[in-house]
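We name chains A, B, ... by the order of the sequence lines, and we start the count at 1 in each one.
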Amino acid sequence: MAYIIKTALELGLLYAPIPLALFLSFRILNIADMTTDGCFVLGAAVSVTWAAAGHPFLGIPMAMAAGVLAGFVTALLQTRFGVPSILAGIITNFGLYTVNLMVMGWSSNVNLLKTDTLFTIFARRASFAGAYSDMLLVACITALAAAGLIWFLSTRLGLSIRATGDNPDMVRASSVNPRFTTTVGLCVANSLTALSGAMVGQYQNTVDINSGTGIVVIALACLIIGETILGKKTVFKGAVAAIVGSVIYRVIYAIVLKTRIVPIQGLKLMTALVVAFAIAFPTIRDYLRFMHKKHMASVKSSEKEDK
Amino acid sequence: MLEIRNISKTFAPGTVNEKKALSGLSLNVKDGDFITIIGSNGAGKSTLFNAIAGSFFVDEGSIFLGGQDITYLEEHKRSRVIGRMFQDPLKGTAPSMTIEENLALAYLRSSEGTSPFSRISARDKKNFREQLSKLGMGLEDRMRDPVGLLSGGQRQALTLLMATIVTPKVLLLDEHTAALDPGTAEKVIELTKSIVEGGHITCLMITHNMKQALNTGNRTFLMNNGHIVLDVSGEERSALTPKDLIEKFKNKVGEELDNDRILLST
């Protein structure tokens, strides 16, 4: 059991930058960024390729830079060429499949055999951490990413990005260029997604062309779980919620895997239902309130008639 | 400070909906002028503001602000030196950001020479607090509250502060009290007067309240059909009553002043 929790924690922290990215693109900028799936694989592919070439450390910033490019393409399509934002992400994501294959040397998976990765190097250096060195490293990187994002969102540029998603009317009349802020926001978000891919690739010593499928929905579920527990009022809370949600999701996943309460093949459907319900919740709640009000009003008027 | 030469703007040209919103309009606003603008429905008041702020480019003519030709400068670039407020209190602030963050954004984007990664300092925060307390709405103790929790009047007062926290070259107020209840509107107008006059800010204000138009500022424009038909200031202006103004409009244009809201409020 302890092993399961440990693995769940590690995976939760490894994948946490993606809900963090969606916190920026989906919550703050109000854009459902479909680039995420392909961008995750891109990050993993770049990082593994660099690690295979003997540069595991360089692989991380290179993966993030690739993520920035992917985000830039999506942003360019929607801010300059009028492509609807969801479609822009889907198009980029589709094209990334080929790009990812190219990065992986036209092979559908790449394995790191007997190659040093971030994790093997760190385990040797930080021998005091023992079996927890992986977790320590991942926790540090993810915490750094979250802290960086929180700091960034308090700068002039960050505040402008937040205002862009919050009140487009205000932004149009102020000296913020919404095209620019949307672009920067999507670039930063995708660099975070790629960072997660980069870590996962080296952690698992492999990258598969299909490893990103559906990751945007899972990350959304993580974000929603975290927000339900911690709230989303401030940037700090939102960022922490993304990480906590990611860990909780992996723990739930591990429990399901272990106990088989739900057949493991059913997990994706369950995740989809959770996400759909969570996003639909405010609408459902308003509808039920309205029906209740209508019912109460009709009860009252019939009471009057009786008198 | 602001010089407009012969600008024209036609919307939907060549269609049945063609509308000449501004036709050959010229004006010269001196540094520190506080001008009130009044006019009939569709006279082009808001269009004039949109032209100055750069929401669209004019078809003809040119606009100079502080000696610089801004005719074809993009909206977000000129708004660094142009403060703007709308009738709708929801338009000027970001609801899920706190009062402090809204002010920080307004302050940082208008300050000269700040990098994109600049942040506000403790001294700036203290300055925000002082400025907020001048509004007399208790907002200085709620700096970490999201703006979405504030009332319309409070939001409009905050927007006014945001628009003027770094003195703009020109401030455009488009009926910024029209959506507020009379008591709050009065308060926001008083605040506007004290901030604009106290800071010697060059300001243009659209209003539908004749009395307000004559009591506020130092100059009044009367607009009709994309033109400025009357430009009064000085002694001539101080002797005017709302009735005189309606009379003058009739003489100049040859028709009744057609603005239901003006007539209701006089």
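- Heavy atoms closer than 4.5 Å to chain B are found in the side chain of A:Phe152, but not in its backbone.
- Contacts between B:Asn102 and chain A at a heavy-atom distance below 4.5 Å involve the side chain alone, from C-beta outward.
- Of the two parts of B:Leu90, only the backbone, made up of N, CA, C and O, holds a non-hydrogen atom closer than 4.5 Å to a non-hydrogen atom of chain A.
- With A:Asp33 contributing its side chain and A:Ser25 its backbone, the two residues share no donor-acceptor pair below 3.5 Å.
- There is no side-chain donor-acceptor pair under 3.5 Å between B:Thr207 and B:Asn209.
- Only the backbone of B:Thr93 has a heavy atom closer than 4.5 Å to any heavy atom of chain A.
- With hydrogens and angles left out, the side-chain atoms of B:Asp124 and B:Ser121 include a donor and acceptor closer than 3.5 Å.
- Cation-pi geometry between B:Lys91 and B:Phe86 is met: under 6.0 angstrom from the ring centre, within 45 degrees of the axis.
- Each of B:Leu150, B:Thr184, B:Leu180, B:Leu191 was checked for a side chain to side chain contact (heavy atoms under 4.5 Å, CB included) with B:Gln156, and the lone residue meeting it is B:Leu180.
- Contact of B:Ala53 with chain A is not made at all, since no heavy-atom distance falls under 4.5 Å.
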